[in-house]
Amino acid sequence: MSASAEPDAAPKNPISENTTHELRGDYEHMRADYSIDQPYERYTDDDQARWRFLYERQRALLPGYASDEFIRGLEQLNAHKAIPRLDDANEVLDKATGWKLIAVPGLIPDGVFFDHLANRRFPVSWWMRREDELDYLVEPDFFHDFFGHVPLLSNPVFAEYMRKYGLGGPKAIEHGAQDMLARLYWYIVEFGLIKTPEGLRAFGAGMLSSKDETIYSVTDAKPNRIAFDLERVLSTAYMVDDFQKTYFVIDSFDQLFEISDSDFTPFYERGAGKKPIDPETVLDTDTVINRGSFT
Ligand code: HBI
Ligand code: FE
């Protein structure tokens, strides 16, 4: 399926159901599955310099904040010198977990995204953010997608969770519950914390690709930190344009197996039409690791 743009019309916004901003990418020259070849020659010297700046700044932060699995996954990608070529990263990932990165113009429709994940393909927006977007941008760029998401795709347990997430997409869409499934992606894949003997560590792409949220999510007293519970997360709304009010904490990556093997239908049916739990709420049924100071 490709953006069916009438000759004189701008390309249709392919994610209209859940995208409020005008999409950045050029959706005119993509394959039916929304993939493109990574246009490496289009990266400017500024893009390369921005990649190195962001990479070095985040990499220096990781010890003490990021899970060891994330740091190990990042190291083996050898991506510190320049914007990585997806073909090079794919050699590493193929050996580790059989996953493959594909370049895309930007956000793609939920159904297409789920299908890629179900087939061990991770879509990476090809373009780098601008200088004025260094610390905040509306749509995931190459740095968020590659630095944030790719390292853990070399971890077999996490990679299998991502595949199962994709496989769960069609059922969520069939139940009109993709917003519930999106919460699971958001609170785990984007903003998940994990318990370790040395304390809480971040493994979510959204925090680990952000200087300030890496620190805030692990150490700040303001947010709630609550032990992961599947139905609780599926029922909890999230913030898209601010630090999270609540982070959910898993005990181990193995816990992701249990999550991904559950049948979500009962949750979808119980949650249908219900107002989601506010992001800052703490329920008395929660196993609270720390109650946020803002409450
Ligand atoms: N498209 N390129 C891209 N990257 C994403 O992370 C992404 C997407 N489309 C939809 C989406 N994420 C979320 O709505 C998922 O929960 C499906
Ligand atoms: Fe992301």
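Atoms considered below: every heavy atom in the structure, side chains included; atoms not considered: hydrogens, waters and symmetry mates. First listed ligand is number 1; within each ligand, the first listed atom is number 1.
Considering backbone and side-chain N/O of Pro109, none are found under 3.5 Å from N/O of ligand 1. At least one N/O-N/O distance between Asp110 and ligand 1 falls below 3.5 Å. For a threshold of 3.5 Å applied to N or O pairs, the pair formed by Tyr165 and ligand 1 contains at least one separation below that value. Considering both main-chain and side-chain atoms, Pro140 never comes within under 3.5 Å of ligand 1 through any nitrogen or oxygen pair.
Interatomic distance, NZ of Lys195 versus CD of Gln255, reported as 8.0 Å (0.5 Å rounding).
Listed for the Arg225 side chain is no donor-acceptor partner under 3.5 Å among the backbone atoms of Ile289.
Note on ring orientation: taking the six-membered ring where Trp is involved, the planes of Tyr55 and His80 are tilted (angle from 30° to 60°).
Using a 4.0 Å cut-off between heavy atoms, Phe114 contacts ligand 1 through its side chain alone, with no backbone atom that close.
For the salt bridge (Lys or Arg N to Asp or Glu O under 4.0 Å) criterion with Asp135, the lone passing option out of Arg57, Arg129, Arg130 is Arg57.
For His149, the N, O or S atom with the smallest separation from the Fe ion (ligand 2) is NE2. In His144, the N, O or S atom that comes nearest to the Fe ion (ligand 2) is NE2. The closest approach of Glu190 to the Fe ion (ligand 2), by N/O/S atoms, is made by OE2.
For the 3.5 Å distance criterion, the side chains of Tyr268 and Gln178 fail to qualify, holding no donor opposite an acceptor. Between the side chains of Asp33 and Ser35, at least one donor N or O lies within less than 3.5 Å of an accepting N or O.
Residue contact annotation: Gly169 has no non-hydrogen atom under 4.0 Å from ligand 1. Within the structure, the closest approach of Phe122 to ligand 1 does not fall below 4.0 Å when heavy atoms are considered.
In terms of heavy-atom proximity, Leu234 sits nearest to Leu184 at CD2-CB, 4.0 Å.
Residue Ala182 approaches ligand 1 through these ligand atoms, each under 4.0 Å from one of its heavy atoms: 16 (O).
When ring centroids are compared, Phe113 and Tyr185 come within the 6.0 Å threshold.
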